[in-house]
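Just so we're clear, the structure is a prediction, and the values are computed from it rather than from any experiment. Naming convention: chains lettered A, B, ... in sequence-line order (proteins, then strands); numbering from 1 in each chain.
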Amino acid sequence: MSARATGPARGRKLVTGVIGADTHIVGNRILSMALEEAGFEVVSLGAITPAGDFVKAAIETAADAIMVSSLYGQGELDCPGFRDLCIEAGLENILIYVGGNLVVGKQDWRDVERRFLAMGFDRAFPPNTRTDEVIETLNADFAARSEGRRIAE
Amino acid sequence: MSARATGPARGRKLVTGVIGADTHIVGNRILSMALEEAGFEVVSLGAITPAGDFVKAAIETAADAIMVSSLYGQGELDCPGFRDLCIEAGLENILIYVGGNLVVGKQDWRDVERRFLAMGFDRAFPPNTRTDEVIETLNADFAARSEGRRIAE
Amino acid sequence: MSGATPADPTRSPFSAARIDDDAFASMRRANLARWPTGAEVELDEAVAFHKSLPAHKNLSAAMRRADAEGRCLTQPRGGFGTLALQLELMRALDRDGLADIVPMTTDSYTRNEQWQRAEAGIAESERAGRSMLNGFPLVCYGPRTARQLIDAIDKPAIVLSGTSMPRLTGEVGFAAGFTGYLGSGLAYTTSYTKDFSIEDGIRNYQYLDRLTALYRERGVDLHRRQPGFLTGTNIPPCIAIVTAVLDALLAAGQGVRDYGLELGQTLHLVQDAAAIRACRELVQEYLVKAGHEDVFTPVTSLHWMGAWPYDDAQAAALVAYGGTLAAIGGAVSVTTKSTHEAFGIPTPEANAAGLRTSRMAIYLARRIRLDDLPEFQRETALIGREVRPIVDRILEMGDGDVAVGTIRACEAGVLDIPWSPNRQIRSRVLPARDADGYLRILEPGDMPFPKDVLEVHEALLRKRAERDGVPYGRDLAVASVYELSEGLETLLPPR
Amino acid sequence: MSGATPADPTRSPFSAARIDDDAFASMRRANLARWPTGAEVELDEAVAFHKSLPAHKNLSAAMRRADAEGRCLTQPRGGFGTLALQLELMRALDRDGLADIVPMTTDSYTRNEQWQRAEAGIAESERAGRSMLNGFPLVCYGPRTARQLIDAIDKPAIVLSGTSMPRLTGEVGFAAGFTGYLGSGLAYTTSYTKDFSIEDGIRNYQYLDRLTALYRERGVDLHRRQPGFLTGTNIPPCIAIVTAVLDALLAAGQGVRDYGLELGQTLHLVQDAAAIRACRELVQEYLVKAGHEDVFTPVTSLHWMGAWPYDDAQAAALVAYGGTLAAIGGAVSVTTKSTHEAFGIPTPEANAAGLRTSRMAIYLARRIRLDDLPEFQRETALIGREVRPIVDRILEMGDGDVAVGTIRACEAGVLDIPWSPNRQIRSRVLPARDADGYLRILEPGDMPFPKDVLEVHEALLRKRAERDGVPYGRDLAVASVYELSEGLETLLPPR
Ligand code: B12
Ligand code: B12
């Protein structure tokens, strides 16, 4: 856990939590700890968080990104419509990541990723994603955004 | 190991051995022991037996069948032409079985069986063949032969 | 979502006392009225059905027999979102996996009593032609339909429903013919919920335990189980066993007499054998002290409950070793996983393969035991020195009531759970692995472990920090969370 | 096919004495002249190449280092019929399997010096587009070409060539840059041949051992190994170790100083740990007695060498346990198999997966040892009581010459091998498993085991016969051959 927030990413505010009825807090907590250590400001909602609560927290704290964890397999039921909730709340452009064991069973990742990007997530992360990789990606995406692009290539 | 030679199979003479440079004697020996106990007369040539020696022994002992073992994977190199050797030696109709781990690697059995039947073996047996099954099959085939058929269906 | 269903008319003062018959009768009426299929539950009919089952389909009998014969039974997990898929799954686990105990895992909406969402999940699953739920929506289908699952197999079946709200899944499950139910108020509420009150969690399981006793009064023995694996994340044996003692006392108080104890494996041969031995002995010690002389408490050993490697070949070693550890440790049953663990819920095939690999490992363990190994004896004694001070303190805090003591102990941090999602739990206690692969306590939080015990743990963990050349501190705990999921290039680099 | 190549001009009287330099020089000339690629072998050039290799590609150094660090290295088997396939295989085992030692298994024609047939096998393989040979035809390709295999990997490489005729595969292998060679005169001749004379087998390995010493004189250490697994079929540790002592004495007599000892696993945790310990100690005991103070004899533990189950999931448990047994037993390396074992030579993928499963099992074994377990100490002592009387008797029979004693012992049945294909071996000794899963001696044949030892074995086997309700006799031995290949319905039927 050595990666740091750099450039435009420094001090950005991130909302983290585990969506739906999902109790898997370990990875989400370690991620939140790592993001904080890296220099982000983290609003951690913890486990079992309804989609609406993410959006509410994002508005209240004027967050720059939402980090949705879904481990228990029902992400495909909990996550559709998440982007719409953000839009309705006026967060058209907020950066949204989703990660964990997003679907039920061992499925081809490229296929799963396609489904979640189609739901409006800016990025989806497979199992076995480490926190450094997440931080690097946040750095790249916030840099891209400061140049007007939605996310980095 | 309880099956017995029955009907026309009783007292039939069988030549057994492991073909080629193959040293795997355990299964072949257990098979020979079981065939003897079952009431067959067994001429056991042991491991590392050239194809020609099987035929020679079959002629000398006027055997009714030859049981070829091949475990080490090179059966596809050692076994082609075995039937022709028998024919040249005037044993057109002698019953020939082959069994063991006949080919290199874990291959589809139906495919392997096809290849060995094409070589002129009357029957080919996959790995994990137990001696009782062999004895039952011999009983059936000798019965079929006493009715003029080549082997039982 | 709170468990204190206001619908519940008879909210008695919170205690470990047995729920009295009339109160329980009206609690049941209120509970069964919460969802249409509740009306299908009829105790007399259910009792008759259970009595019509052959003994080998009763889990309580199967566990007692396995214990007597020194066998280690196998049981996987498994649940899919439709009846058709669940039938296929349970048949495959029974026939192809040779499972000795067949599971029915409920989906996470059902666990949280979000039955409408579960209904939607069934529809979605049928539309998609694959399971969109992570388990079987038992309550939606109801007991009559669920009984098809029992008829489809020739083994005892158990309900797996990680939840603090077992009252309706319990009623439906038992009525359907399931003879086992995994779960407890303390362990699950602290490990599977965020805002749910521990008191309500305990109340809900007192209901389930009282229901189990009710069946027993009618001559039907049912097997209850305590999920001592907790958050599955590097739980040291002592913490698991503390919760096992408390939940067991609560269950016995409601009249439960078949109470299994589940321990997640530490993956250390000696520590797991010591944990299994110590768990059974310590729980019995406190049950007997409390006057419960006749509670059967077999231990179930669980395949590694923490993060798995992302390589099927590597995972196969954890599956096989899981059988070895359970058998050599003398567990009465083992709960198995598969090579898919790190990725997702296994297919019926992968799940059955995990069962067979474990079963072969159990066979290979022969009758080996470590009883005479000094290291085993040291570890077993150490666990006792860790557990007794905590449990005694908690019982003290309750002024004689274990339920009250448990709540107060959680509030005070005297009872703490590593990596807990529950806000009433401090989760300041932090475990890590020492240089020899034992799980030790890095930070005790506010748990009153004896000083000399903590010195042992610290010394061993410092050895590891030195070996790895890392600072002694929290990073050891985080590294220990990842450890078993690391690739072999990291764990055992070739040179 | 006899090994007494009449071509050999200098057929000295048979003894354990070191082959003198001039005799050996002309033996080498004659040997290298037997096949065209022999001409490519140039000692000075080969020595220079070995010296150009990094230390981590030298097996002798790798084994000594692993032993010093208490590590257990992994090594699979593997050979295919063409250079292209062999390159792909060795790369896969190195990179995907993380093998610490990379093998090159020769095909069975090459082993038996039927090089023309091997040539044909190459052609057939190229035509078929798959390997028709069960190994790599090393001699046909010759040392220059084979060196591509060494360049393709970053690990030490070993020649696996189960044969009594190692003289040319040895010359070619060492010249190519292989730093290890598995095989010995007594073990292989009694287990891999039918009519081949044991004397000639020993002579051929004296050549190889003398060649190894020749490299050593030039400053290149090469690792030789004894295949104590013999026929791989329920070999009790004591019989394996007797052959290990004899072959080690013969090798040391030619000047070998790195001599590994391979033991097939019994699949019993305690018996395997005891066998590994006893093997190393007993071989050292007799080497030192014979004045060889400085021979390094690390033990290699081999995954189950008998019949495997015909189910990949079941086989996975044997693969994983194979790593566990080697690591807990303290072996310096383990030779791995795959889930394909019962069916055929594994694909590179399956072979690499077997390596990773074993490697993870080794990691999980942590630093556990059974030294303080009384049962381990009993078994280790028992093996000593079995081995010493036999070895002492054999040395006696040789009137001071171990080579002569070995031949006489085989003729007299004092030295006997279970399930041997060789006609000079009586193969009247029969092993079987006892009720606790230990390999015991059912029929000693003419081996002079002490009476009290045989009583122990008989008592334990009678217990098993009673338990299984079968007559005490040969059927126990046959059943024990099949045992591990049986399905789980047979081994551990659900009830
Ligand atoms: C530990 C564990 C548990 C613990 C959780 C304890 C707790 N309260 O946190 C317990 C035992 C309680 C548990 C329960 C269950 N579990 Co669970 N559990 C696991 C396990 C073994 C490890 C998870 C873990 O902690 N990993 C370690 C952490 C560090 O990694 P991580 O969680 O993956 O998070 C990392 C990355 O994913 C990434 N990441 C995570 N979130 C995000 C978000 C963003 C935006 C980004 C960029 C990255 C990112 O960064 C994190 C840090 O590196 C996994 C399987 C596995 N992985 O081995 C199953 C697993 C996740 N569980 C599973 C299931 C089904 C359940 C249950 C539903 C089982 C059941 N039916 O009873 C219940 C959950 C009940 C409920 N209501 O949720 C399934 C999910 C199936 C699927 N997706 O197909 C898994 C995959 C096991 C399996 N193969 O079946 N579980
Ligand atoms: C024990 C064993 C050995 C022992 C053999 C000891 C001896 N002298 O007999 C040793 C260690 C010496 C050995 C050596 C080798 N072995 Co080996 N060995 C095995 C093993 C593990 C078990 C074989 C066995 O004894 N089974 C038990 C008996 C009872 O069963 P069986 O042999 O299959 O026989 C039964 C049936 O097949 C049937 N049957 C047999 N013959 C016949 C004939 C007829 C007509 C019929 C009807 C039925 C029948 O009835 C028998 C009784 O039920 C197998 C793998 C496995 N099966 O687990 C590999 C295996 C056979 N060996 C193999 C190989 C490659 C070798 C070597 C070439 C390895 C090497 N490269 O060094 C060498 C052989 C060298 C040589 N020149 O031959 C491969 C063959 C690969 C393939 N076919 O693709 C196998 C499959 C392992 C593998 N997966 O790689 N081996």
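Using a cutoff of 4.0 Å between basic side-chain nitrogens and carboxylate oxygens, A:Asp122 and A:Arg150 are scored as salt-bridged. A salt bridge between A:Arg12 and A:Asp141 is absent, with no side-chain N of the basic residue lying under 4.0 Å from a carboxylate O of the acidic one. Under the 4.0 Å criterion applied to side-chain N and carboxylate O atoms, A:Asp108 and A:Arg110 are assigned as salt-bridge partners.
A:Leu138 places a side-chain heavy atom less than 4.5 Å from the side chain of A:Leu35.
Atom-to-atom distance recorded for A:Leu117:CG and A:Arg123:CZ is 9.0 Å, nearest 0.5 angstrom.
If you measure heavy-atom distances from C:Tyr192 to chain A, the contacts under 4.5 Å come from both the backbone and the side chain. Interface residue C:Ser427: only side-chain heavy atoms are found under 4.5 Å from chain A. Only the side chain of C:Asp312 has a heavy atom closer than 4.5 Å to any heavy atom of chain A. Both the backbone and the side chain of C:Ser108 come within less than 4.5 Å of a heavy atom in chain A.
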Inset, instruction - For the pair A:Asp78 and A:Tyr72, evaluate side chain to side chain donor-acceptor pair (under 3.5 Å) and give the outcome as yes or no after the intermediate values. - result: CA-CA 11 Å; A:Asp78 298 328; A:Tyr72 71 158; 2.6 Å; yes

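Across C:Leu133, C:Asn422, C:Thr193, the residue that shares the most heavy-atom pairs under 4.5 angstrom with chain A is C:Leu133. When the candidates C:Ser420, C:Pro346, C:Gly162 are compared by the number of heavy-atom contacts under 4.5 Å with chain A, C:Ser420 comes out ahead. Highest contact tally toward chain A, considering only C:Arg130, C:Arg111, C:His340, C:Glu124, is held by C:Arg130 [criterion: heavy-atom pairs under 4.5 Å]. The choice from A:Ile25, A:Leu77, A:Val103, A:Asn101 that makes the most heavy-atom pairs within less than 4.5 Å of chain C is A:Leu77.
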